[in-house]
2 protein chains.
Amino acid sequence: MTFVQQPVLVPAAPKPTALLPLTDVTDAAACGSSVGRAAIAPADADALARQLKALADPARLRILSIVGAHLDSEACVCDLTDVLTLSQPTISHHLKVLVDAGFLTRSKRGTWSYYRLVPGALGGVAQVLPSL
Amino acid sequence: MTFVQQPVLVPAAPKPTALLPLTDVTDAAACGSSVGRAAIAPADADALARQLKALADPARLRILSIVGAHLDSEACVCDLTDVLTLSQPTISHHLKVLVDAGFLTRSKRGTWSYYRLVPGALGGVAQVLPSL
DNA sequence: CCAGTTCATCGACAAATGTCAATCTATGGG
DNA sequence: CCCATAGATTGACATTTGTCGATGAACTGG
């Protein structure tokens, strides 16, 4: 189990302006704290929060994990309904959330819908987090 | 701007049983998909979702960023009320969420409350994400 | 002791979210 | 054709969440 850290390739990334754009660094409060660098821009915080919101659900994390656990990082809905204790519409809803957030892609073949991990999408979020 | 990637040291981590405990790997659906490894355990998905839920808010991301932007990774509430366009009770609420989730610590000195980043907390989440 | 400051807590409210039953839309097989 | 199956959509519902105003608690300076 090595996890080669793919070349990122985030698709739904809203253009990371400089990974950490500024807000402003011009104040000195009475409590005597000093600023070392600039903080995240509000627009970037919004975008990152949207991505994290899509991940911040136990069912969706399990879905991503189950899809990623398949040999080709691809699974159909029946693979999920078997394991998750949730109704089929609920699972379908979670899948839509993950697709809209850019973590999964959907491809319909015949009667079945196959979902696939977007390479680097999770890694992109993981890369930005520690630099907050 | 280098971001040295600290030695992790996650404090509030709920004991990662093996980073990816199993659920079960014993089925073969009609759609013909094959399992390569085990998925995340439901309990671990719950724990990770709780952490992510604490992060999945623009105001809280900005708070973490502002605290981390200070030279000693420490800031008082007044540093936040100056920048964020939110009422003081709302900011206090977000701070409590981040403390409860293990991303910040609070230390009161005199009239001021100082919040400090928990070293490795964000990195711990970031490390687990790509291995889903 | 009193007034002002800093921050947390409480109560209320609208909005967002997770869930399900019911329904709809393909697709495939007789 | 007709029916069965896989999955998406819809509508409804309870719960959670983000926000604020009002209030409370603790410390500081006159």
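Proteins get letters first, then strands, A, B, ... in listed order; numbering begins at 1 in each.
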Trainee: Would you mind classifying the nucleic acid contact of B/S92 as base, sugar-phosphate or nothing, using non-hydrogen atoms under 4.0 angstrom?
Mentor: base
Trainee: Roughly how far, to the nearest 0.5 Å, is CD1 of A/I63 from CD1 of B/I40?
Mentor: 12.5 Å
Trainee: 5'-most contact on DNA chain D: A/H93 or B/H93, nearest heavy atom basis?
Mentor: A/H93
Trainee: Has A/H94 got a side-chain N or O lying under 4.0 Å from the OP1 or OP2 atom of C/dT19?
Mentor: yes
Trainee: Could you tell me the separation between the CH2 atom of B/W112 and the P atom of C/dC7, rounded to a whole number of Å?
Mentor: 8 Å
Trainee: Can you tell me how far the CD atom of B/Q51 sits from the CG atom of A/L52, to the nearest 0.5 Å?
Mentor: 12.0 Å
Trainee: Does A/S87 make a side-chain N or O approach to OP1 or OP2 of C/dA21 shorter than 4.0 Å?
Mentor: no
Trainee: From the list D/dT19, C/dC10, D/dA8, which nucleotide is the closest neighbour of the side chain of A/R106?
Mentor: D/dA8
Trainee: Less than 4.5 Å apart, side chain to side chain, heavy atoms only: is that true for A/L55 and B/L132?
Mentor: no
Trainee: Would you say that A/C31 contacts B/D79 through its side chain, given a criterion of any heavy-atom pair below 4.5 Å between the two side chains?
Mentor: yes
Trainee: From the set C/dT19, C/dC10, D/dT9, return the single nucleotide nearest to any side-chain atom of A/A59.
Mentor: C/dT19
Trainee: Whole angstrom is fine here: how far is it from CG in B/L95 over to C1' in C/dC7?
Mentor: 10 Å
Trainee: Between A/Q88 and B/T111, which residue's closest nucleotide on DNA chain D lies nearer the 5′ terminus?
Mentor: A/Q88
Trainee: Evaluate the criterion side chain to side chain contact (heavy atoms under 4.5 Å, CB included) for residue pair B/L84 and B/I66; output intermediate values, then yes/no.
Mentor: CA-CA 10 Å; B/L84 303 175; B/I66 291 169; 4.1 Å; yes
Trainee: As a test of reading the structure: which of C/dC7, D/dG7, C/dT19 is closest to the side chain of A/V77, going by heavy atoms?
Mentor: D/dG7
Trainee: Between C/dA15 atom P and A/K53 atom NZ, what is the distance in whole Å?
Mentor: 16 Å
Trainee: Once you apply a heavy-atom cut-off of 4.0 Å, does A/R109 come out as touching a base, just sugar-phosphate, or nothing?
Mentor: nothing
Trainee: Could you check how far NZ of A/K108 sits from P of C/dT25, rounded to whole Å?
Mentor: 12 Å
Trainee: Write down the distance between OH (B/Y115) and C1' (C/dT6), rounded to a whole number of angstrom.
Mentor: 11 Å
Trainee: Tell me which of A/A56 and B/K96 sits closer to the 5' end of DNA chain C, going by the nucleotide each one is nearest to.
Mentor: B/K96
Trainee: Expressed in angstrom and rounded to an integer, what is the separation of A/R62 atom CZ from C/dG18 atom P?
Mentor: 16 Å
Trainee: Can you identify which nucleotide, out of D/dG7, D/dT19, C/dC7, has its nearest atom closest to the B/T90 side chain?
Mentor: D/dT19
Trainee: Please state how far atom CZ in A/R50 lies from atom P in D/dT17, giving the value in whole angstrom units.
Mentor: 20 Å
Trainee: With heavy-atom distances below 4.5 Å as the criterion, would you say the side chains of A/V83 and A/R62 are in contact?
Mentor: yes
Trainee: Base, sugar-phosphate, or nothing: which does B/Y114 touch, judged by heavy atoms less than 4.0 Å apart?
Mentor: nothing
Trainee: Name the nucleic acid region contacted by B/I91, choosing base, sugar-phosphate or nothing; use a 4.0 angstrom heavy-atom cut-off, strictly under.
Mentor: nothing
Trainee: What is the distance, to the nearest angstrom, from the CG atom on A/L98 to the P atom on D/dG7?
Mentor: 16 Å
